[in-house]
Asker: 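Input: one structure, supplied below.
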Amino acid sequence: MDTSAPNSDATTVTRIEVEAVNAPEKRNLYKAREAIYPKNVHGKYRKLKWFVLVLTLGIYYLIPWVRWPRGPGEPDQAVLVDFAGSRFYFFAIEIWPDELYYVTGLLIIAALGLFLATALFGRVWCGYTCPQTVWTDLFIAVERIIEGDRNKRIKLDRAPWTADKITKKVSKHAIWLLIAMATGGAWILYFHDAPSLAADFFRGQAPFTAYFYCALLTFTTYIFAGSMREQVCTYMCPWPRIQASLTDEHTLQVSYKVDRGEPRGPHKKGDGWEDRGDCVSCRACVAACPMGIDIREGAQLECINCALCIDACDDIMAKVDRPFSLIGYDTDANVELRKTGKKPRFQFIRVRTIVYGVALVIVAAIMVATLMTRATVNLSITRDRTPPYVKLSDGAIRNAYTLKVVNRDNIERSFRITIDGIETADVTAIGEDFSGENDIIMAGGDGARTLRLFVTMPPDAVTTSSMPLVFSATDVVSGETAVKNTTFLSGEK
Amino acid sequence: MTVSENNNEIDDFTGVETTGHEWDGVKELNNPMPRWWLIIFYVSVIWSIGYWVLMPSWPGLTGYLKGTREHSERENVDVALAAVNAERSVQMKQLLSVSSMTEIERDPQLLEYSMAAGGSLFGDNCATCHGAGGQGFPGYPSLVDDEWIWGGSLDEIRQTLHFGIRSTHPDTRLNIMQAFGRDGLLTREQISDVTEYVLDISGQDSDAEAAARGAPLFAQQCTSCHGVDGRGNQALGAPNLTDGIWLYGGDPSVIRQTIYNGRGGVMPFWTDRLTDEQIVALSVYVHSLGGGE
């Protein structure tokens with residue numbers, strides 16, 4: 001946008017015939033949706049939105065194709081949710097199903113990040129990065145390129161069906177469907193090796209689930225971004241309802257500066273600006289709004305804070321030679337300050353943002369710490385319960401244990417199994433000569449080794465009904481150890 | 001009261017026509033259905049018609065309408081089971097290809113497989129008598145301790161599983177603990193003396209005089225199977241009488257009852273009911289319960 005200096009021969013602004021069709025009093029559950037024809041705008045927020053659109057869609061469509069070599073027998077896809085192999089790969093991180101708490105932590109971080117961003121900047125998630133916003137924005141751009149801007153689209157929709165109209169409509173829906181299919185197609189690539197699945201997909205040899213989920217996301221993308229658009233945000237999404245509790249009077253929101261704009265009214269070229277507000281009632285903000293609302297009505301549930309009305313209004317302000325940002329990022333507190341003649345200020349550090357920020361840092365620190373110290377060996381012990389103990393012919397007592405040594409590394413490792421707590425016990429194992437120095441078992445890479453162990457105590461060594469027993473598995477090379485406590489039961493009183 | 005074109009009352013507060021229905025003064029507004037609801041309703045109607053055509057839907061007198069896809073969950077389960085069994089049979093065959101069964105226990109993969117297969121077979125076929133963990137009950141041998149009547153090696157367990165004990169199979173393991181009292185081979189007094197002798201050799205409290213009287217009777221009647229020292233003989237299926245493990249119980253009254261009436265517990269043969277591979281897996285599982293020799 002051209003931030004030209006105020007000039008004297010400002011043009012008269014014409015009023016756009018547009019109504020805020022998505023305002024609560026205009027909506028009705030019993031009638032058809034009234035179409036919204038967002039007018040294209042130019043400006044810094046529009047540029048920022050294009051940048052975010054390219055970035056987020058680029059990440060979404062291309063990430064499955066990024067390779068990350070992990071060695072033989074392991075998938076080389078950087079981001080992969082491998083349900084069949086029950087592993088989740090994220091670059092250098094590999095998560096097993098029993099480590100799903102890492103995903104939980106990631107979701108908590110995402111939620112806290114969303115809370116913090118909302119408390120600081122209002123609905124930036126909705127306005128810039130929400131998939132619904134991004135794909136709708138893309139679909140509207142396609143619509144504009146094929147059918148023209150707002151006025152041409154309205155005219156085309158009202159026009160009778162001619163060859164030209166059919167061509168335009170068919171090509172628009174065809175491109176929408178292509179984008180939707182690319183979206184569904186990219187989704188399935190996150191769950192299988194991308195190059196081989198893509199090849200199978202086009203050869204018709206991919207599994208049914210691949211086609212099903214591709215079709216499902218094609219359908220939802222096409223419907224949500226093509227025909228439902230603002231209705232998804234207004235009716236379906238819970239976030240507009242939740243976000244009200246996360247914001248306060250210091251939260252940045254896309255606002256019409258009512259103290260500066262009112263009283264509004266048309267302005268003729270050459271008229272003065274005394275005893276009136278800066279709003280010239282041109283309705284450029286309403287015409288630009290993809291949600292079909294009038295931002296001048298104040299903060300609204302329907303507003304996704306996409307900031308396109310800021311660009312639209314700034315364009316007009318330049319024409320009528322008034323300062324920018326009649327509509328801009330502002331806070332409720334600043335409106336009050338200006339009304340009392342005080343200087344507006346932005347207060348980003350508040351109890352709310354400190355709490356969200358600290359919580360975010362703590363959870364992130366815990367996550368990083370647990371990831372850095374993630375164990376690559378796990379030990380689990382199941383003691384036989386039927387029977388809890390066995391009395392042998394010579395009166396000795398035996399307990400049976402099933403050990404599971406989980407090796408999360410990709411190479412085969414040797415583990416020394418040690419049992420502490422009972423010195424006089426005799427230990428045997430199925431399939432292993434488990435005595436003296438032969439207490440080492442091998443566990444294959446990225447797998448588990450199960451071992452059935454028997455601990456036998458001579459009759460005179462049994463003193464109590466339950467004795468503590470500590471099993472440990474130690475990597476003979478690295479020394480990494482996993483420890484598990486269990487008991488030895490004897491039935492003695 | 002205002003009245004609508006359809007001659008229905010119009011609610012003053014909302015300005016909406018009522019249906020004319022009234023319950024305790026509460027009147028029903030005649031609002032139209034919301035559009036989203038109607039759309040879902042009509043889509044569901046269309047969906048159901050497609051479903052009737054494609055999928056099994058209507059019951060008939062002798063069967064049901066199968067639908068053009070002839071979808072059948074029953075057949076799907078059969079197909080899925082056949083696929084699983086085909087996959088399993090590959091691993092199952094490996095269990096028969098080893099030269100000795102100890103090889104299975106030495107191979108972690110084969111062992112894990114046998115334990116999984118054997119475990120479910122044990123639960124289905126054996127646990128009823130031998131207990132869920134193989135702990136046994138009076139009359140049903142424990143499989144987790146170190147006393148075996150017919151032998152506890154992998155091969156002996158396999159043999160027992162194949163042909164049973166006192167079963168109807170011609171190759172069954174067979175022996176007889178005679179009913180010494182009921183058949184008049186020993187008098188009641190003699191049985192009491194032998195009982196005291198058995199209590200004595202198994203290390204329990206006994207009447208020394210009676211035990212001394214029972215010793216020659218034991219030598220005469222029992223040693224052919226249970227051995228001169230009473231330690232039993234696995235080849236004959238004769239239990240060891242000198243240790244702390246008893247199949248029916250080691251109390252004087254139970255021992256007396258055993259000698260008087262004899263014993264003849266039956267283990268069925270499984271060679272017809274389970275495959276050779278399954279019996280191998282089951283043998284490995286039973287061997288691993290803890291009692292295996």
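Just so it is clear: chains get the letters A, B, ... in the order the sequence lines come, proteins before strands, and each one is counted from 1.
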Asker: Crowded around A/E412 CD? As in, over 12 foreign heavy atoms under 6.0 Å?
Answerer: yes
Asker: What's the spacing between B/D145 CG and A/R398 CZ if we round to 0.5 Å?
Answerer: 7.5 Å
Asker: Determine whether more than 12 heavy atoms belonging to other residues, nucleotides or ligands lie under 6.0 Å from atom NE2 of B/H287.
Answerer: yes
Asker: What do you reckon, is OH of B/Y140 surrounded by more than 12 foreign heavy atoms closer than 6.0 Å?
Answerer: no
Asker: Verify the neighbour count for atom CZ of A/F83: are there more than 12 heavy atoms of other residues, nucleotides or ligands below 6.0 Å?
Answerer: no
Asker: Sort B/M33 into side chain, backbone, both or neither according to what part of it lies under 4.5 angstrom from a heavy atom of chain A.
Answerer: backbone
Asker: Looking at CG of B/L111 and CG of A/L451, how far apart are the two atoms once the value is rounded to the nearest 0.5 Å?
Answerer: 8.5 Å
Asker: Let's test your reading of the structure: which of B/G244, B/A132, B/G136, B/G290 forms the most heavy-atom pairs below 4.5 Å with chain A?
Answerer: B/G290
Asker: Using modelled atom types and a 3.5 Å cut-off, is there a donor and acceptor pairing between side-chain atoms of A/R452 and backbone atoms of B/L289?
Answerer: yes
Asker: Are any side-chain N or O atoms of A/R449 and backbone N or O atoms of B/P108, one a donor and one an acceptor, separated by less than 3.5 Å?
Answerer: no
Asker: Looking only at heavy atoms, what is the nearest atom pair of B/S288 and A/I430, with distance?
Answerer: CA-CD1, 3.5 Å
Asker: Could you tell me whether B/D205 atom CG has more than 12 heavy atoms of other residues or ligands within 6.0 Å of it?
Answerer: no
Asker: Rounded to the nearest 0.5 Å, how far apart are CD of B/E112 and OG1 of A/T450?
Answerer: 4.5 Å
Asker: So which part of B/N240 gets closer than 4.5 Å to some heavy atom of chain A, the side chain, the backbone, both or neither?
Answerer: neither
Asker: Check this for me: A/Y235, atom OH, are more than 12 non-hydrogen atoms of other residues, nucleotides or ligands nearer than 6.0 Å?
Answerer: yes
Asker: Is there a donor-acceptor contact under 3.5 Å from the side chain of B/D146 to the main chain of A/L392?
Answerer: no
Asker: Counting only heavy atoms not in B/W47, do more than 12 sit closer than 6.0 Å to its CH2 atom?
Answerer: no
Asker: For A/A396, which atoms come within 4.5 Å of any heavy atom of chain B: side chain, backbone, both, or neither?
Answerer: neither
Asker: For chain A, which of B/P32, B/G203, B/G291 has the most heavy-atom pairs under 4.5 Å?
Answerer: B/P32
Asker: For B/V144 and A/P387, work out which heavy atoms get closest and say how close.
Answerer: CG2-CG, 3.9 Å
Asker: Is the number of heavy atoms from other residues, nucleotides or ligands within 6.0 Å of CD (B/E28) greater than 12?
Answerer: yes
